[in-house]
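Below is one structure, written out as structure tokens; the observations come after it.
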Amino acid sequence: MRLRNIPGAESALREYPTFVDNPVSYKGRWKDRFGNDNPIHIEIGCGKGRFINTLAERHPDVNFIAVELKAEVVLRAVQRTEYREIPNLAFVQFDASKLTELFADHEVSRLYLNFSDPWPKTRHAKRRLTYASFLQTYRQVLKEDGEIHLKTDNEPLFEFSLNQFAGERFQMRNITFDLHQSKLAADNVMTEYEERFSSRGQRIYRVEASCQIK
């Protein structure tokens, strides 16, 4: 999603109780932020926030954290929460390539990658969020039985991701090349992007990848 710069976006974020201003201070102790020891699920790139808001409402026994680099995008997402305090939901502005600065080893139970930038040019492959170096970072913060749930509308990115998961010894399951025509559709929570493109007949690809001990 491309947004124009919003003047004062970073300062505006601090007005919302779901926004965490200094997230690195919670590394290894996110349970203090949420006030419980519930599992932590994170979404890398939150779009307008519908996906993670819906999950937080459906699963009050899980703590959800949206990690997004651009302040303008985070602002759009937290505005969906208005000024409500949602005890199991947090938004942070942070670089996903530096997740180990945000979470301690094995602190996260699940990670969502929804419609990430495919970076289609070969020379940009290292920027893809399923490139091997990213997967190694995810493995470090994920629990030993932690999971990555990936959805995309880009078939080349999906095939690339499956190969990267295999190369990094992630165990894959629930692989589908047409999510909305599969048995997984019933429990699927759509993002805004997904709803728009699937309504045009665009296929959605999905996989779950779990960590394995090397």
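The residues of the chain are indexed from 1 along the displayed sequence.
- In plain terms, the two heavy atoms of Ser182 and Thr176 that are nearest each other are CB-OG1, 3.7 Å.
- Distance alone, capped at 3.5 Å, is enough to place a donor-acceptor pair between the Glu68 side chain and the Lys70 backbone.
- Not a single donor-acceptor pair under 3.5 Å links the side chain of Arg76 to the backbone N or O of Gly47.
- Side-chain contact, His106 with Gln140: no donor N or O sits under 3.5 Å from an acceptor N or O.
- In this structure, Arg203 forms no cation-pi arrangement with Phe177, as its terminal cationic atom is not both closer than 6.0 Å to the ring centre and no more than 45° off the ring axis.
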Lys27/Glu107 under salt bridge (Lys or Arg N to Asp or Glu O under 4.0 Å): CA gap, chis, key distance, verdict: CA-CA 9 Å; Lys27 177 179 177 178; Glu107 192 174 10; over 6 Å; no
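- Leu113 approaches Leu129 most closely through the heavy-atom pair CD1-O, 4.0 Å.
- Here the shortest heavy-atom pairing between Leu135 and Phe170 reads O-CZ, 3.9 Å.
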Worked verdict on Asn22 versus Val24 for side chain to side chain contact (heavy atoms under 4.5 Å, CB included): CA-CA 6 Å; Asn22 185 25; Val24 295; 3.4 Å; yes
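- Arg33 places no side-chain N or O within 3.5 Å of a backbone atom of Val20 that could act as its donor or acceptor partner.
- Distance check: Met190 CE to Leu179 CG gives 9.0 Å after rounding to the nearest 0.5 Å.
- By the 30° and 60° cut-offs, the orientation of the rings of Tyr138 relative to Phe134 is tilted.
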Residues Asn188, Lys151; criterion side-chain hydrogen bond (donor to acceptor under 3.5 Å, both in side chains); working and verdict: CA-CA 10 Å; Asn188 180 53; Lys151 286 196 291 186; 2.8 Å; yes
Stepwise salt bridge (Lys or Arg N to Asp or Glu O under 4.0 Å) check, Arg80 with Glu192: CA-CA 13 Å; Arg80 179 181 287 273; Glu192 295 88 352; 2.8 Å; yes
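- Annotation: side chain of Ile204 is not in contact with side chain of Thr152 (no heavy-atom distance under 4.5 Å).
- No side-chain heavy atom of Phe64 sits less than 4.5 Å from a side-chain heavy atom of Glu43.
- Hydrophobic clustering of Ile, Leu, Val, Met, Phe, Trp and Tyr side chains at less than 4.5 Å, counting indirect connections, keeps Phe115 apart from Val207.
- Between Pro23 and Trp30 the shortest side-chain heavy-atom distance falls below 4.5 Å.
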Worked verdict on Cys211 versus Glu144 for side chain to side chain contact (heavy atoms under 4.5 Å, CB included): CA-CA 6 Å; Cys211 293; Glu144 291 183 352; 5.8 Å; no
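- Rounded to the nearest 0.5 Å, atoms CD (Gln181) and OG (Ser198) are 10.0 Å apart.
- Taking OH of Tyr193 as the start and NZ of Lys48 as the end, the distance is 13.0 Å to the nearest 0.5 Å.
- For the atom pair CG of Asn36 and CG of Asp61, the computed distance is 9.5 Å after rounding to the nearest 0.5 Å.
- Of all non-hydrogen atoms in Arg128 and Pro120, the two that sit nearest each other are NH2-O, 3.5 Å.
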Please output the side-chain donor-acceptor pairs of residues 12-19 that fall under 3.5 Å, not counting sequence neighbours, one pair per line with the distance.
from, atom 1, to, atom 2, distance (Å)
Arg14, NE, Asp21, OD1, 3.2
Arg14, NE, Asp21, OD2, 3.3
Thr18, OG1, Thr81, OG1, 3.4

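- Between Ile65 and Tyr26, every side-chain heavy-atom pair lies at or beyond the 4.5 Å cut-off.
- Side-chain contact between Ser133 and Lys126 is absent, with no heavy-atom pair separated by less than 4.5 Å.
- Remark: the backbone N or O of Ala132 is paired with a side-chain donor or acceptor of Gln164 at under 3.5 angstrom.
- To the nearest 0.5 angstrom, Leu184 atom CG is 11.0 Å from Asp178 atom CG.
- Counting heavy atoms from C-beta outward, Arg139 and Thr137 have side chains that stay 4.5 Å or more apart.
- Contact annotation: the side chain of Leu150 approaches that of Ser161 to within less than 4.5 Å [non-hydrogen atoms, C-beta and beyond].
- Partners of His124 under the side-chain contact (heavy atoms from CB on, under 4.5 Å) rule, at least two apart in sequence or in another chain, are Trp119, Lys121, Arg127.
- Contact annotation: the side chain of Leu55 approaches that of Tyr112 to within less than 4.5 Å [non-hydrogen atoms, C-beta and beyond].
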Check against side chain to side chain contact (heavy atoms under 4.5 Å, CB included), Leu69 and Val74: CA-CA 8 Å; Leu69 179 61; Val74 183; over 6 Å; no
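- Residues Val189 and Phe197 do not share a hydrophobic cluster, clusters being chains of Ile/Leu/Val/Met/Phe/Trp/Tyr side chains in contact below 4.5 Å.
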Residue pair His59, His41: steps toward the side chain to side chain contact (heavy atoms under 4.5 Å, CB included) verdict: CA-CA 11 Å; His59 304 283; His41 293 186; over 6 Å; no
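- For Arg29 (side chain) and Ser25 (main-chain N/O), a donor-acceptor pair under 3.5 Å exists by modelled atom type.
- Rounding to the nearest 0.5 Å gives a distance of 12.0 Å between OG1 of Thr100 and CD of Gln136.
- Ionic pairing of Arg110 and Glu147 is present here: one or more N-O contacts between side-chain nitrogen and carboxylate oxygen are shorter than 4.0 angstrom.
- Checked options Ile44, Thr130, Leu111; the residue passing with Ile148 is Leu111 (criterion: side-chain contact (heavy atoms from CB on, under 4.5 Å)).
- Of all the heavy atoms in Ile40 and Val108, the pair that sits closest is O-CG1, 3.5 Å.
- Minimum heavy-atom separation, Cys46 to Ala66: CB-CB, 3.7 Å.
- Gln202 places a side-chain N or O within donor-acceptor distance of the main-chain N or O of Asp153, the cut-off being under 3.5 Å.
- Between the side chains of Asn88 and Asn38, no donor N or O sits under 3.5 Å from an acceptor N or O.
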